[in-house]
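Below: one structure, written as structure tokens.
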Amino acid sequence: IFITALLIQFINPNLFLSLIAVFSFYLAMSGWLRAKNRSGIAITTEWSCAFTMLIASVVMVVFGWMLMISDDRMGVVLIVFAFIGGGFAAAELLALRGNAYTGTNRIASHVSRMLGGSISTVTAFAVVNIDLGERNWIVWLAPTVAFVPLIVYWNIRVRSTDKGISTG
């Protein structure tokens, strides 16, 4: 989907959607990498994904602020997603330095990012199928508001017990 989004940019350039595509791709890719890299030793792809998301987050904040100044409420969406993606990326860069992604930390990170990617999918579905006109920013943020508590719940649950979880 990310490659398709990039190809569409050649036909109809849209910085907002490009940044959302990077954000969504980062969540899914970093979640997948967390599942695949059982050793906890950082690989180049993990560093690259985190740095790319961190840079994209800065661009999202700047562009989001520009939208807000021009009275476009979609700037709120970019700023919220920038803080989510940037927060994940910054935490990931710190964790990668110390090989902290092992055991329950690895599983919790995987779950968080994959659920974040799922929220992106639900958001895309909602945005395509629900039109609130000027209040469309609500449709963009509603899945995040609704499902972030699920991510918090699963993080607490996974980190509090090793029972039944293969951390291999």
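Just so you know, these numbers come straight off a predicted model, no measurement behind them. Numbers here simply count residues along the sequence, with the first being 1.
At least one side-chain heavy atom of Ile20 sits under 4.5 Å from a side-chain heavy atom of Leu78. In this structure, Thr123 and Val139 have side chains that are not in contact, with every pair of non-hydrogen atoms separated by 4.5 Å or more. Thr45 places a side-chain heavy atom less than 4.5 Å from the side chain of Met29. At a threshold of 4.5 Å between non-hydrogen side-chain atoms, the residues Trp47 and Arg97 count as touching.
Legend: residues meeting ring pair (Phe, Tyr, Trp, His ring centres under 6.0 Å) with Phe81, ordered by chain and number and at least two apart, are Phe23. For Trp137, there are no ring pair (Phe, Tyr, Trp, His ring centres under 6.0 Å) partners at least two apart in sequence or on another chain. Evaluation of the side-chain contact (heavy atoms from CB on, under 4.5 Å) rule for Val122 yields Pro143, Phe147 as partners, not counting sequence neighbours. Partners of Arg34 under the salt bridge (charged side-chain N to carboxylate O under 4.0 Å, His left out) rule, at least two apart in sequence or in another chain, are Glu46, Glu92. Phe25 meets the ring pair (Phe, Tyr, Trp, His ring centres under 6.0 Å) test with Phe2; sequence neighbours excluded.
For the atom pair CH2 (Trp154) and CG (Leu115), the distance works out to 9.0 Å, reported to the nearest 0.5 Å. The OG1 atom of Thr4 sits 11.5 Å away from the CD atom of Gln9 when rounded to the nearest 0.5 Å. Here the CD1-CD1 distance, from Ile151 to Ile84, works out to 8.0 Å after rounding to the nearest 0.5 Å. Once rounded to the nearest 0.5 Å, the distance linking CZ of Phe63 with CD1 of Ile79 reads 11.0 Å.
Using a 4.5 Å cut-off between side-chain heavy atoms of Ile, Leu, Val, Met, Phe, Trp and Tyr, with links allowed through other members, Leu54 and Met60 fall into different hydrophobic clusters. Leu27 and Trp32 fall into different hydrophobic clusters, where Ile, Leu, Val, Met, Phe, Trp and Tyr are joined by side-chain heavy atoms under 4.5 Å apart, directly or via other members. Linking Ile, Leu, Val, Met, Phe, Trp and Tyr whenever their side-chain heavy atoms come within less than 4.5 Å leaves Ile119 and Ile138 in two separate clusters. Leu17 and Met68 fall within the same hydrophobic cluster, defined by Ile, Leu, Val, Met, Phe, Trp and Tyr side-chain heavy atoms under 4.5 Å apart, directly or through other members. Under a hydrophobic-cluster definition in which Ile, Leu, Val, Met, Phe, Trp and Tyr are linked whenever side-chain heavy atoms come within less than 4.5 Å, directly or via other members, Tyr153 and Val111 are assigned to the same cluster.
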Please tabulate, one pair per line, all N/O donor-acceptor pairs under 3.5 Å involving side-chain atoms of residues 124-136, not counting sequence neighbours.
{"unit_1": "Asn129", "atom_1": "ND2", "unit_2": "Phe125", "atom_2": "O", "d": "2.8"}
{"unit_1": "Asp131", "atom_1": "OD1", "unit_2": "Gly133", "atom_2": "N", "d": "2.9"}
{"unit_1": "Asn136", "atom_1": "OD1", "unit_2": "Leu132", "atom_2": "N", "d": "2.8"}

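Closest of all the heavy-atom pairs between Phe88 and Arg113 is O-NH2, 3.2 Å. Between Leu67 and Phe16 the shortest heavy-atom distance is CD1-CD1, 4.3 Å. The two residues Met114 and Ala28 come nearest to each other via the heavy atoms SD-O, 3.7 Å. Here the shortest heavy-atom pairing between Leu33 and Cys49 reads CD1-SG, 4.1 Å. Across Val22 and Met53, no two heavy atoms sit closer than the pair O-SD, 4.3 Å. Nearest heavy atoms, Gly85 versus Ser57: C-OG, 3.7 Å.
Atom CD1 of Ile69 is surrounded by more than 12 heavy atoms from other residues, nucleotides or ligands within 6.0 Å.
At distances below 3.5 Å, not a single donor-acceptor pair connects side-chain atoms of Ser109 with backbone N or O atoms of Asn105. With hydrogens and angles ignored, the 3.5 Å screen pairs no side-chain donor or acceptor of Ser24 with any backbone N or O of Ala21.
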